[in-house]
Each structure stands twice: as C-alpha cells, then as structure tokens.
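Here's the structure we're looking at; comments come further down.
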Amino acid sequence: MTQSLASDITTGPNQGDFDYSQKRIDDASSQLQVPLKTIDLSVGFSHSTILNEISLSFPKGTITALVGPTGCGKSTFLRTLNRMNDHVRGFWHKGSVVLDDVNIYDKSVDPLVLRRNVGMVFQRPNPFPMSIKDNVVSGVKAHKLAKRKDLLAIAESQLKEVGLYDAIADRMDDSPFRLSGGQQQLLCLARALAVGPEVLLLDEPTASLDPVSTSSVESLISALVPKLTIVIVTHNLAQARRIAQHAAFFFNGELVEHGLAAQVLEDPEHETTAQFVTGRMG
Amino acid sequence: MFSKSHLLRRKILDKAMWALATFSLVCIVAPLAWLVWGVVGRALPHWNWSLLTTKPGGANGGGLSTLIVGTLVITAGVAVVAGIIGIGSGLYLSELCPEGKGKILRTASEVLSGVPAIVLGFLGYTVLVVEFKWGFSLGAALVVLSIMVVPYIAKATEVAILQVPTAFREAAEGLGMTRWQTLRRAVLKPAAPGIVTGLIIALAIAMGETAPLLYTAGASNNFPTSHITHSPVGFLTYAVWTDYNQPLAGSAELSATAAVLLLVIVLMLILLSRLVIRVSKKYSINNSHGGR
Ligand SMILES: Nc1ncnc2c1ncn2[C@@H]1O[C@H](COP(=O)(O)OP(=O)(O)O)[C@@H](O)[C@H]1O
Ligand SMILES: [Mg+2]
C-alpha cells in the first residue's frame with residue numbers, strides 16, 4: 001500500500017517525459033535519508049505573511065517535533081506539507097515542499113494521492129459519523145485500496161496496530177462517539193494509517209486528551225517509527241522531549257532553530273529558543 | 001448581599017418565568033387540541049370505513065377514495081420534484097456557489113417564499129393551465145406547489161449542511177477523499193436529519209394547500225390518471241373546502257372526515273421523518289448512547 005508518491009503521480013498523460021531531475025534537490029549535507037523537506041517556504045493568506053522562508057528537513061523514520069508559541073504558524077506550516085491549505089481563502093506559498101524528490105505543489109501532483117502518502121491527524125479527534133469499522137476503512141474505501149470482503153479484516157488489523165482492538169472488539173458496528181476521547185484519537189490514527197502513508201502529520205494530537213490517553217497515543221506514535229516519518233506539532237515540551245528525535249522551534253513565522261531534539265530542547269543556541277524551552281515565554 | 005428582598009425578587013422572577021413558559025405551552029397545545037377535538041368530534045359520529053373506498057359524488061356525497069389517492073400522488077410528486085430541486089439548490093448554495101451568486105440566489109429564494117400561495121396558483125393557472133394549454137392537471141399542480149416549497153427545502157438543506165462540524169470535512173480531506181466523497185461521507189450523512197425534517201415539513205405544507213391546487217389541479221371525482229397534463233386531479237383539501245358548504249345531508253361530515261384524513265396523513269409523514277432521523281442518527285455525534 002505504500003507506493004512512493006512518484007509512482008502514483010506519474011500516471012498522467014505525460015508520464016514518459018516527466019523529468020524528476022529538474023526537481024531533484026541535492027541534499028549532500030545530510031547523510032540521513034530525507035523523504036520530506038521544505039525549501040525557502042513562505043506561506044501566507046492574502047496580504048499577510050504567516051511563514052517566512054522556512055527550510056526544514058524531516059529525516060526518514062524519525063519523529064520531528066515542531067514547537068513554538070501559539071500563533072507562530074506551526075499548524076499552517078504542517079497543513080502546507082500535505083496541501084490542506086489549498087482551498088483556504090487567500091492561501092499563497094513561495095518556495096517548495098519536496099516529497100521523495102518531487103515538489104508537491106507541482107502541477108503533476110494529485111493532492112488526493114499526496115494526502116494518502118502524507119496523512120494527517122488533528123487536535124480534536126474527528127471520527128466520521130459512521131460505525132467504528134467504517135471509520136477505519138473509510139480512506140481505504142475512498143482510494144479503492146482493497147476488496148469489499150477484506151475490509152473487516154483490514155479494520156481489525158489496523159485497530160490491533162493502534163492497540164484499540166481488544167477494548168472494542170465487540171463494538172465494531174457501534175458509533176465512534178461512544179468511545180473515550182483517547183480511544184477516538186487512536187481510531188483516527190488507525191484510519192490515517194490504514195491508507196498506508198509514508199509520512200504522518202500530527203497537529204497537537206494529545207492536546208484535548210487526559211494524561212492516560214496521552215501516554216497511550218504517545219507510545220503508539222513512538223512505535224510507528226522507523227516505519228513512518230512523523231512530524232508532530234506539540235505545545236507540550238515534555239512530550240517533545242519524550243518522543244521526538246528532532247525538533248524545530250518556530251517564532252513569529254520564522255524557523256529560529258532546528259536540529260536534534262536533545263540539543264534544541266535542552267541546550268538551544270538561540271536566546272529566544274532558550275526562553276521558550278525554559279518556560280520564560282508563553 | 002443575600003438580603004431577603006434579593007431572594008424574594010429572584011423567587012418572583014422564577015415564578016413569573018415559569019408562568020410565562022406554561023402560558024406559551026398552553027397557547028400552542030390548546031389550539032391543536034381544539035382543532036383535533038372539533039374535527040374529530042364532527043367526523044367520528046358518522047365515521048364509516050367505506051368512505052375510504054367509495055368515490056365521491058352521488059346523492060349522499062359519496063366517499064373520499066379518489067381524493068385520498070389524489071393527495072398522495074400530488075404529495076409524492078412534490079417530494080420528488082421539489083425534493084430534488086430544493087436539496088440540490090441547498091447543496092449548491094452551501095457547498096459550490098461563489099459568495100456573490102449565493103447572495104442573489106438567497107434573496108430570490110426569500111422573495112419567492114414570501115409570495116402568497118394564491119398568487120402562485122393564479123400565475124400557474126394563467127401560464128400553465130391556459131397559456132401552455134396544459135389544462136387542469138397534475139403537472140401544473142406539481143410545478144406550482146414545488147415553486148412554493150423549494151425555497152423552504154433549500155433553506156433547510158443549506159442550514160443543515162452549514163451545521164456539520166468542519167472537523168468532519170477536514171478528516172475527509174486529510175484522507176485524500178475527493179470532493180464528492182467528502183460530501184457524501186462527511187457532510188450529507190450528518191446533515192441528513194435536518195434535510196429530511198425540512199423536506200417533510202415542506203410536504204405537509206404542500207399537502208395542506210387549497211388555493212393553488214384549485215387553480216392548477218382543478219377538481220375531479222375520479223382517480224388520477226397517468227397523464228401529467230389535461231387531466232384534473234381531486235384532492236382532500238378540496239373536499240374540506242367545498243363539502244362544508246354543500247346543502248346535501250352528510251356533506252359537512254364528509255368535509256370533517258377529509259380534514260381528519262389530512263391530519264392523519266400529516267401525522268404519518270411526521271412519524272416517517274422521525275423514523276428516518278432515528279436511523280440516520282445512529283452514528284450521530286450527538287447520539288452517544290443510542291442503540292445498535
Ligand atoms: N485561514 C487563515 N486566514 C488568515 N490567517 C490565518 C489563517 N489560518 C491561520 N492564520 C493566522 O496564521 C497565524 C498562525 O496560525 P497557526 O498556524 O494556527 O499557529 P499555531 O498553530 O502555531 O498556533 C495566526 O496568526 C493565525 O491568525
Ligand atoms: Mg495550531
């Protein structure tokens with residue numbers, strides 16, 4: 001199910017003469033494989049600029065935490081990585097977002113296929129108003145990734161993967177809104193994972209959860225690497241320290257500092273970062 | 001701070017609010033009870049099941065069979081015609097159309113819903129029945145009644161869709177669903193109860209109309225035919241309206257019986273909508289305890 005983006009997006013009429021070398025960007029500076037990165041990415045809505053020339057790489061199979069004060073543009077940045085902002089009024093961008101050597105804003109990229117490869121989970125659990133089972137396989141059905149008769153088995157295995165199956169094995173046909181908040185979020189994770197993404201974007205996935213649910217979501221996220229590459233926005237610095245290998249600090253639409261989580265979060269170079277990670281700033 | 005006068009004032013206010021609420025309730029329930037009492041009380045003493053299976057006409061006024069079928073046919077027709085156009089317009093207004101166009105459409109729709117039914121009926125008569133030479137017919141009736149209730153259905157649809165949490169939409173988009181898949185799975189499903197309620201109320205309104213039907217459906221004692229034009233259709237409100245003033249013995253009772261039947265059909269429509277809503281609410285975000 002995890003085909004590369006390139007193999008999917010070239011199924012257009014100009015498949016043969018699509019030249020990736022033009023979009024291939026050298027990354028000699030890094031020894032790590034980098035499936036996803038932004039290059040001089042500026043983003044805004046109408047006349048305002050929200051993000052200013054962000055260049056950030058997300059090393060393969062790791063968790064990168066995006067931290068920064070509220071309103072600094074973390075969510076906007078995250079949503080730009082799978083083109084969720086495309087339909088937002090006045091949205092514009094400059095620079096590029098590169099996934100597997102392809103600029104995702106290139107004309108040849110189908111945003112729907114892109115979002116299958118770059119999944120997203122939101123701050124508040126948002127299961128669909130349909131049965132738990134149908135929720136898990138909704139993306140699988142939409143992308144026609146499996147036969148009808150296999151759907152139940154897929155739902156079960158995905159729920160097992162997120163550690164929810166035992167709790168709800170006899171409630172597969174029930175409404176998801178009877179689950180606890182934490183269970184709903186795990187369900188949303190199962191739904192996102194079911195379509196076989198390569199990158200997962202998480203926007204404060206535990207912000208609305210209690211501590212116990214938070215820890216089960218955290219351990220799931222940790223278990224998803226190195227299979228997946230994960231970008232997580234969090235305002236919980238302790239959480240970033242617990243689960244992330246890399247971290248980036250945003251402030252007022254600027255990328256102030258990024259690198260290994262231990263370094264950025266414990267021993268930052270910049271004064272603003274230091275103020276933030278020591279709690280001297282909101 | 002907690003002086004006696006404070007407490008007293010709060011108590012009085014409490015009582016006053018309670019009295020007001022009770023009064024409002026009585027204002028709504030009393031006319032309904034009076035209506036049911038008056039109509040049923042008149043119809044019941046003369047109730048005869050054969051009224052349901054006998055054609056109207058004859059010395060004693062006959063029954064209501066063809067009129068019942070006529071009303072059901074007209075209502076079903078409006079459900080299809082106005083349902084498709086109304087839900088489609090609501091969908092267009094809330095999902096697809098650019099803001100500027102939406103304003104024009106919404107205003108037009110509001111103006112339309114303000115036009116008195118009898119004016120629409122008269123227009124239907126002059127344009128469809130006379131000008132287009134459709135004659136008194138189901139077609140003319142459906143067009144006029146649909147024009148009458150489409151704004152209502154469109155508004156109900158639009159409101160129901162706008163109330164769907166954006167979180168559902170985001171979830172669908174985040175999974176890479178197409179616009180149509182997003183609409184079907186994440187928007188229309190949760191909006192369905194609101195849309196169905198709007199549709200059913202519109203049908204109840206259409207069914208209870210008399211004036212526009214007199215102008216368009218005409219009147220008939222026979223069953224509706226398969227012809228959309230040139231074939232008048234009888235309907236229950238016609239009986240309510242005309243039989244009441246007939247000098248014949250039993251006419252007034254027939255009129256009351258027709259009214260009871262209308263009430264029963266409206267009641268069944270409402271029950272039907274409750275059923276549909278219950279089914280579609282099984283997985284609703286507001287239903288965290290419903291059955292399987
Ligand atoms: N659709 C939008 N139109 C205009 N401004 C927006 C939009 N979405 C977000 N913003 C603005 O962008 C800035 C960053 O928001 P956001 O990315 O949500 O920050 P964060 O997630 O870091 O709290 C805020 O000032 C916000 O008001
Ligand atoms: Mg945010």
Side-chain angles (χ1 to χ4, degrees), chain A residues 8 78-79 82-89 110-135 137-145 170-180 184 187-188 191-195 197 200-203, chain B residues 91-103 157 159-197 276-292:
Chain A
D8 281 324
L78 200 71
R79 293 164 59 90
N82 71 344
R83 296 185 55 173
M84 285 289 284
N85 283 326
D86 280 18
H87 293 303
V88 175
R89 189 173 298 250
D110 178 353
L112 304 185
V113 177
L114 167 72
R115 291 187 202 131
R116 169 144 77 81
N117 280 274
V118 183
M120 191 157 204
V121 172
F122 302 83
Q123 178 170 344
R124 307 196 121 260
N126 55 358
F128 292 126
M130 51 178 80
S131 73
I132 291 172
K133 176 214 145 195
D134 286 341
N135 258 286
V137 295
S138 55
V140 177
K141 266 166 135 175
H143 291 283
K144 299 193 174 59
L145 299 177
D170 57 341
R171 292 195 273 164
M172 294 286 276
D173 289 320
D174 277 16
S175 164
F177 301 109
R178 262 174 276 168
L179 302 178
S180 73
Q184 289 186 28
L187 175 63
C188 293
R191 178 177 68 185
L193 293 171
V195 294
L200 199 56
L201 310 175
L202 310 169
D203 194 351
Chain B
L91 211 61
Y92 179 76
L93 280 171
S94 57
E95 287 286 314
L96 307 168
C97 83
E99 202 137 297
K101 246 188 200 167
K103 256 191 200 133
T157 304
V159 169
I161 287 179
L162 289 180
Q163 277 173 355
V164 173
T166 40
F168 291 162
R169 245 178 260 255
E170 280 200 319
E173 279 168 22
L175 281 170
M177 288 190 184
T178 64
R179 192 173 194 170
W180 169 238
Q181 286 167 337
T182 304
L183 199 60
R184 195 158 52 97
R185 288 170 211 213
V187 178
L188 284 183
K189 231 179 201 184
I195 297 175
V196 170
T197 308
V276 173
I277 288 167
R278 173 171 286 193
V279 170
S280 66
K281 268 209 173 152
K282 181 174 171 194
Y283 297 119
S284 149
I285 194 164
N286 303 318
N287 176 11
S288 44
H289 47 74
R292 287 173 189 203

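Proteins get letters first, then strands, A, B, ... in listed order; numbering begins at 1 in each.
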**OP:** Check whether A:P127 gets within reach of chain B through its side chain, its backbone, both or neither, counting any heavy atom under 4.5 Å.
**Re:** backbone

**OP:** Check the surroundings of atom CZ in B:R169: do more than 12 heavy atoms from other residues, nucleotides or ligands lie under 6.0 Å from it?
**Re:** yes

Original post:
Say you draw a straight line from CD of B:E173 to CG of A:L112; how long is it, rounded to the nearest 0.5 Å?
Top reply: 9.5 Å

Original post:
If you take all heavy atoms of A:A142 and B:M177, which pair is closest and at what distance?
Top reply: CB-CG, 3.7 Å

Subject >> From A:R116, A:K141, A:R191, residue fulfilling side chain to side chain contact (heavy atoms under 4.5 Å, CB included) relative to B:L175 >> reply: A:R191

Original post:
At what distance, to the nearest 0.5 angstrom, does CZ of B:R185 lie from CZ of A:F128?
Top reply: 8.5 Å

Subject >> Interchain contact, B:T178 with chain A, by part (heavy-atom threshold 4.5 Å) >> reply: both

Original post:
Which bit of A:R79 is near chain B, if near means a heavy-atom gap under 4.5 Å: side chain, backbone, both or neither?
Top reply: side chain

**OP:** Quick one: pull up NE2 in A:H143 and CD in B:Q181 and give me the separation to the nearest 0.5 Å.
**Re:** 7.0 Å

Original post:
What distance separates B:E170 CD from A:M84 CE, expressed to the nearest 0.5 Å?
Top reply: 5.0 Å

Original post:
Looking at A:S175 and B:S284, what are the two nearest heavy atoms and their distance?
Top reply: OG-O, 4.1 Å

Original post:
Among A:S138, A:G119, A:S131, which has the most heavy-atom pairs under 4.5 Å with chain B?
Top reply: A:S131

Original post:
Distance-only, no hydrogens or angles: does the B:Y283 side chain make a donor-acceptor pair with backbone N or O of A:F177 under 3.5 Å?
Top reply: no

Subject >> Pick from B:A171, B:A186, B:S280, B:A167 with the largest number of heavy-atom pairs that fall under 4.5 Å of chain A >> reply: B:A171

